[in-house]
Every structure is written in structure tokens, then in C-alpha cells.
Amino acid sequence: MKILYQTSQKSIRILITAAVILLFSNCSKDTVITDQYKVINKYQEGEENLSDDLSVLTTNNNSFGKEIPGLSRIDKIRFASGNSLFNQSWVSAPASTTSLDGLGPTFNARACASCHFKDGRGKPFEPSNIGSVGFLIRLSIAGKNAHGGPMPVPNYGLQLQNHANLNIPKEADIQVNFTLIKGTYPDGTPYELQKPTYSFINENFGSLSGVLISPRVGQQTIGLGFIDALSESEILKNADEFDTDKDGISGKPNYVWDAIHNNTALGKFGWKANEPTLKQQIAGAFSGDLGLSTSIFTQKNCPSPQQDCNKAPNGGSPEVTDKQLDRIVLYQTSLAVPKRRDFKNQTVLNGKVLFTKLKCIACHATNLKTSKYPFNSLVENKEISPYSDFLLHDMGADLADNRPDFLASGKEWRTQPLWGIGLIQTVNKHSFLLHDGRARSIEEAILWHGGEAEKPKNDFKNLSSKKRKELLAFIESL
């Protein structure tokens with residue numbers, strides 16, 4: 001302290017000048033400083049770990065099926081059991097395999113893995129209607145149900161069932177037509193987008209003309225335990241529904257019906273953040289996708305007047321036991337997030353800076369920490385970078401499904417987590433993105449952005465070809 005007090009005014013000025021020079025040398029054109037982030041085009045220790053110390057190094061075609069480190073011997077057995085159930089095909093009742101009967105009578109898939117092959121991402125609808133893996137269409141009519149959710153379509157319910165067991169009529173067949181949209185970047189580089197338009201034929205229970213529809217593709221299931229372990233306050237810290245900071249980004253929570261606790265709760269899961277917990281998300285998929293009852297959703301998925309469906313035998317009450325449901329939930333909470341690749345590559349590091357400069361980081365957030373989570377304590381108190389704020393954002397008219405879902409409007413979608421995006425091609429042999437799989441690449445997905453993301457999209461388009469490739473390389477590394 002004596003030395004400091006004895007420093008001359010000239011020495012102080014020298015020290016201040018040096019500090020200012022140091023500050024501005026670190027704040028170069030390749031550095032972004034905001035209220036929350038300081039990003040430099042250099043490798044930062046540990047940035048490859050998107051789920052703290054539970055991230056795993058994997059680059060093969062089973063990269064979405066790895067378990068988090070540290071599972072106990074008993075939980076390893078439960079994980080394996082849940083994995084088996086996730087991949088097993090269910091059959092119609094009655095059957096000799098009583099633990100796996102009860103499929104349908106109408107359904108979209110025969111197994112969880114049908115929509116999430118290798119725990120990965122489904123494909124968009126294919127006209128053959130046979131090769132469509134992980135695609136479905138949600139239905140509703142105008143208005144809200146007793147809990148504030150979508151109103152079911154008379155005779156059909158909330159989801160189109162385009163498959164059925166023997167001697168049971170399926171609800172309808174799906175058709176799709178694509179419109180090609182050609183565009184050009186300001187630098188003259190051409191691009192092309194494809195816009196799908198869906199319709200129905202062979203409707204067996206009345207016309208579906210004019211109903212509200214929302215096509216959906218199954219998402220990869222990595223990191224779901226970390227999302228389930230996020231507290232409401234942790235998600236709400238990024239919310240700015242009325243854009244009070246005037247940055248053009250809103251971030252709105254969706255509050256939905258919690259069927260387990262019989263109350264309204266913050267939505268975290270699904271394309272519209274319309275499910276509050278992972279357990280309810282899984283039970284909802286059993287009911288809506290496979291036609292299987294659980295202790296959460298006990299009713300057969302057979303809207304009146306589907307009499308053949310209603311009269312068909314069931315596979316027990318419930319068809320998915322609580323033990324089976326808990327095994328799959330444990331399995332899903334324990335799927336690890338892969339480490340990033342190429343994170344020291346300079347092209348990728350340059351793209352990291354651009355990701356923040358273009359404000360992609362405003363929705364695809366990295367500043368989250370999990371809370372207490374008794375179901376799987378290993379994922380508690382972990383700093384995670386899912387590249388999502390799990391909030392609703394207006395994505396513009398071009399991506400709108402025009403189907404409200406609780407508080408989500410027809411233009412609003414939950415920010416999709418980007419962790420693992422660069423491994424979809426390796427795991428699932430395709431790169432279809434967005435809620436209906438219309439984007440054939442990361443680049444196309446960006447070009448579909450609108451609404452709150454209109455300016456970031458246009459800023460991306462105005463980049464040089466080199467810088468666009470840098471940004472894409474960064475996203476590919478996640």
C-alpha cells in the first residue's frame with residue numbers, strides 16, 4: 001500500500017494509459033462485448049463442453065446414444081432397459097408379448113426410435129408415406145380447451161393418425177407439394193429454398209378442409225435431462241416479452257397445462273414449448289404417436305365416432321406401466337451431449353464471433369445453469385450451453401403454422417437447441433432442419449428466419465461469402 005500511495009501522478013497517468021491501450025487492443029474488430037458476453041476469435045478453455053463436465057467425446061453414428069458419465073451400476077441397468085424400450089416396436093393387442101402390446105389402434109409410429117432413430121432427428125414427410133420417419137401433423141380448430149390449449153378437431157382430435165392396426169381405418173393420408181423459392185445474396189451468390197404445402201386425402205371421418213395444422217419432425221433427444229433440470233427462474237432470466245431493452249428480440253415464456261400436477265406450468269419441451277416436463281412429453285408421445293395409454297394419459301386415443309378404434313382390445317390399463325415409463329425417462333435424462341468438434345479451428349473461431357455480432361446468441365443462449373433435480377441428481381448444478389433460451393420467438397410469416405398452442409401464437413416457436421446439430425448428418429444421414437424439415441441445410445434454416453430474426457438473417461446475407469462460411473462452420477461445430 002505504501003508503494004501505491006507513493007506513486008507519482010505521472011506514474012498513475014502512465015498506468016491508466018497502459019490499461020486503456022490494453023483494453024482497446026483486446027476489443028478489436030474480432031471481439032464482441034455486450035452486457036453478458038465477451039467473445040474473441042481465440043479458443044477459450046473448456047468451450048467445447050456444452051454440458052459442463054458431463055459432455056462426452058464422440059463423433060460416430062451413435063453419438064446421440066451415449067450415457068452421461070457417472071451413472072451408478074443400478075442406473076446403468078435402468079439406462080440399458082430404457083434404451084431397449086425406446087427401440088422396441090410395440091404390437092397390437094392381444095399379443096403373446098404382453099409387456100409390449102397395445103399399439104394404436106391408430107398411430108404414427110410403432111416405436112419411440114421410429115421418430116428418433118439412434119436418438120436423433122426425424123425426416124420430413126415423403127410422398128411415399130412409407131419412408132417418412134419421425135413426421136406427424138398436429139390438428140386443431142379455432143378456440144381454446146378448458147386448460148387453455150388447442151381445441152381438438154371433431155372426429156379427429158389433436159393429431160392426425162395416418163397408420164392403423166389391421167381392420168382399423170386410419171384417419172387420412174397426407175400429401176405434400178413443394179414450391180421452390182429462388183434468391184440471390186447481395187454478392188450475387190444464388191440460393192434456393194423449398195416450401196412445403198400439406199393437404200389430406202382419403203379422410204375417413206369427415207373433411208379436414210380448413211382445420212389448423214402444424215407439421216412436426218422429431219428432434220434429437222440429447223441433453224433432455226439438463227433441460228428438465230432448468231428452473232423456471234433460470235429460463236425467465238432471458239425473457240423480454242415486451243422488448244423493454246429495444247433490441248428487437250422478445251423471448252416469451254409459454255405457460256401450459258401440467259397434467260401430472262394439475263396446474264399451469266412453464267413449458268420447456270416441444271416445438272412450441274407446449275410440454276412442462278420431460279415425463280409428460282414422453283407420456284404425450286406414447287399417447288399421440290403410438291396410441292399407448294399411461295397413468296398420465298389414460299384414455300384410448302380414439303375420438304368419437306371412430307367406433308372400430310374404440311372397440312379394439314387394449315394392452316392393459318395402462319398399456320405403458322409406470323416402471324416402463326420411468327425407465328425411458330431415466331434413459332432420456334441420461335443421454336449425453338457430445339463435445340464440440342473443430343473448436344480450435346480458426347475459421348470456426350471467427351464464426352463464433354460472427355454468431356454474437358449478428359445477435360444469434362440473443363435467442364440461442366449459452367448462459368444457463370441447472371438446479372435441483374431429484375430424478376437424476378447427476379445433472380444438477382451444471383453450467384450448460386444448449387444454444388437455446390427455451391422461450392418463444394416470433395419467426396415471421398414464412399415459418400408460421402398459424403396454429404396457436406397455449407400462449408404460443410401461430411408465428412411463435414421455441415428456440416431450437418443447437419447442441420449436436422453438426423452430428424445429425426453423421427447419425428441420421430440427412431441434414432433436414434426446422435419444425436417440418438423444410439430446410440435441407442443449416443444455411444437454408446438461417447434463410448427461413450424472419451420476424452424477430454429478420455435483421456440477423458439479413459445481416460447474414462450481407463456478409464461476404466467467406467464470412468458466411470465461417471459462421472456456418474461455427475454452427476456445424478456445435
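Heavy atoms only: backbone and side chains are in, while hydrogens, waters and symmetry mates are out.
Remark: the Asn458 side chain and the Asn462 side chain contain no N/O donor-acceptor pair separated by less than 3.5 Å. Checking Asn376 against Thr333 by side-chain atom types alone, a donor-acceptor pair falls below 3.5 Å. Side-chain contact, Glu444 with Tyr191: no donor N or O sits under 3.5 Å from an acceptor N or O. With hydrogens and angles left out, the side-chain atoms of Asn49 and Glu383 include no donor and acceptor closer than 3.5 Å.
At distances below 3.5 Å, at least one donor-acceptor pair connects side-chain atoms of Ser431 with backbone N or O atoms of Arg440. In terms of modelled atom types and a separation under 3.5 Å, the side chain of Ser477 and the main chain of Phe474 share a donor-acceptor contact. In this structure, the side chain of Ser55 does not engage the main chain of Lys339 through any donor-acceptor pair within 3.5 Å. No donor-acceptor pair under 3.5 Å is formed between the side chain of His435 and the backbone N or O of Lys272. Looking only at distances, a side-chain donor or acceptor of Gln324 sits under 3.5 Å from a matching main-chain atom of Ser99. Looking only at distances, a side-chain donor or acceptor of Glu203 sits under 3.5 Å from a matching main-chain atom of Leu208. Proximity of a side-chain donor or acceptor of Asn87 to a complementary backbone N or O of Asn83 within less than 3.5 Å is detected. Trp257 places no side-chain N or O within 3.5 Å of a backbone atom of Phe406 that could act as its donor or acceptor partner. Remark: the backbone N or O of Ile249 is not paired with any side-chain donor or acceptor of Glu452 at under 3.5 angstrom. Listed for the Lys268 side chain is a donor-acceptor partner under 3.5 Å among the backbone atoms of Leu230.
Here the CG atom belonging to Leu193 is positioned 12.5 Å from the CZ atom belonging to Phe178, to the nearest 0.5 angstrom. Distance check, rounded to the nearest 0.5 Å: CG of Asn177 to NZ of Lys195 gives 12.5 Å. Separation of atoms NZ (Lys66) and CG (Leu335) is listed at 11.5 Å; rounding is to 0.5 Å. One distance of note links CD1 of Ile442 with CD of Gln425; it measures 10.5 Å at 0.5 Å rounding. For the atom pair CG (Leu136) and CG (Asn162), the distance works out to 8.5 Å, reported to the nearest 0.5 Å. Remark: Ile213 CD1 to Phe200 CZ distance equals 4.5 Å, nearest 0.5 Å.
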Problem set entry | Residue pair Asp75, Leu378: steps toward the side chain to side chain contact (heavy atoms under 4.5 Å, CB included) verdict | CA-CA 11 Å; Asp75 279 345; Leu378 287 176; 5.9 Å; no
Exercise. Given the rule in the side chain to side chain contact (heavy atoms under 4.5 Å, CB included) test, do Tyr331 and Arg78 qualify, once you have shown the distances and angles that lead to the verdict?
Worked result: CA-CA 7 Å; Tyr331 170 66; Arg78 292 170 177 161; over 6 Å; no
Problem set entry | Test side chain to side chain donor-acceptor pair (under 3.5 Å) applied to Ser385 and Thr366, step by step | CA-CA 4 Å; Ser385 299; Thr366 61; 4.7 Å; no
For this session: Carefully, step by step, assess Arg414 and Asp405 under the rule side chain to side chain contact (heavy atoms under 4.5 Å, CB included).
Result: CA-CA 11 Å; Arg414 186 198 73 160; Asp405 202 334; over 6 Å; no
For this session: Could you check Val329 against Asp228 for side chain to side chain contact (heavy atoms under 4.5 Å, CB included), going step by step and ending with a plain yes or no?
Result: CA-CA 11 Å; Val329 175; Asp228 213 24; 5.6 Å; no
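Side-chain contact check for Val379 versus Ile384: every heavy-atom pair is 4.5 Å or farther apart. Two residues are said to be in side-chain contact when any heavy atoms from C-beta on lie closer than 4.5 Å; Pro253 and Ile235 fail this criterion. Side-chain atoms of Asn314 and Ser293, non-hydrogen and from C-beta on, never get closer than 4.5 Å to each other. Side-chain contact between His393 and Thr415 is present, with heavy atoms from C-beta onward closer than 4.5 Å. For the pair Tyr387/Phe355, a side-chain contact is recorded, criterion being any heavy-atom separation below 4.5 Å from C-beta on. The shortest distance between side-chain heavy atoms of Arg121 and Leu433 falls below 4.5 Å. No side-chain heavy atom of Asp52 sits less than 4.5 Å from a side-chain heavy atom of Lys369. Taking 4.5 Å as the limit, some side-chain heavy atom of Arg341 sits within range of a side-chain heavy atom of Leu423.
More than 12 heavy-atom neighbours from other residues, nucleotides or ligands sit within 6.0 angstrom of CZ on Phe86. Crowding of Lys429 atom NZ: a count of heavy atoms from other residues, nucleotides or ligands under 6.0 Å exceeding 12. Shown here is Ile74, whose CD1 atom has no more than 12 heavy atoms of other residues, nucleotides or ligands within 6.0 Å.
Checked against side-chain contact (heavy atoms from CB on, under 4.5 Å), Pro190 has no partners two or more places apart in sequence or in another chain.
Between Val348 and Ala473, the closest heavy-atom pair is CG2-O, 3.8 Å. The heavy-atom pair separating Thr294 from Ala283 by the smallest distance is OG1-CB, 3.7 Å. What you find for Asn301 and Thr106 is that their closest heavy atoms are O-OG1, 3.8 Å. The minimum heavy-atom distance between Ile296 and Leu325, with the atom names listed, is CD1-CD2, 4.0 Å. In terms of heavy-atom proximity, Glu470 sits nearest to Asn350 at OE2-ND2, 3.2 Å. Summarising the geometry of Ala365 relative to Asn238, their closest heavy-atom pair is CB-ND2, 4.1 Å, with the distance given to 0.1 Å.
Salt bridge present: Lys382 and Asp53 bring a charged side-chain N and a carboxylate O closer than 4.0 Å. A salt bridge does not link Asp326 with Lys323: none of the charged nitrogens is closer than 4.0 Å to a carboxylate oxygen. The pair Asp187-Lys461 does not meet the salt-bridge criterion, since no charged nitrogen lies less than 4.0 angstrom from a carboxylate oxygen. Of the charged side-chain nitrogens involved, none lies within less than 4.0 Å of a carboxylate oxygen, so that Asp398 and Lys457 do not count as a salt-bridged pair.
Classified by interplanar angle (parallel below 30°, tilted 30° to 60°, perpendicular above 60°), the ring pair Trp413/Trp271 is perpendicular. Between Phe205 and Tyr156, the two ring planes are perpendicular [angle over 60°; tilted spans 30° to 60°].
Results of the side-chain hydrogen bond (donor to acceptor under 3.5 Å, both in side chains) test with Arg403 over Ser409, Ser214, Ser140 single out Ser140 as the only residue that passes. Considering Val256, Asn274, Leu278 in turn, Leu278 is the only one that fulfils the side-chain contact (heavy atoms from CB on, under 4.5 Å) rule with Phe269.
A ring-centre distance under 6.0 Å is found for Tyr198 and Phe135.
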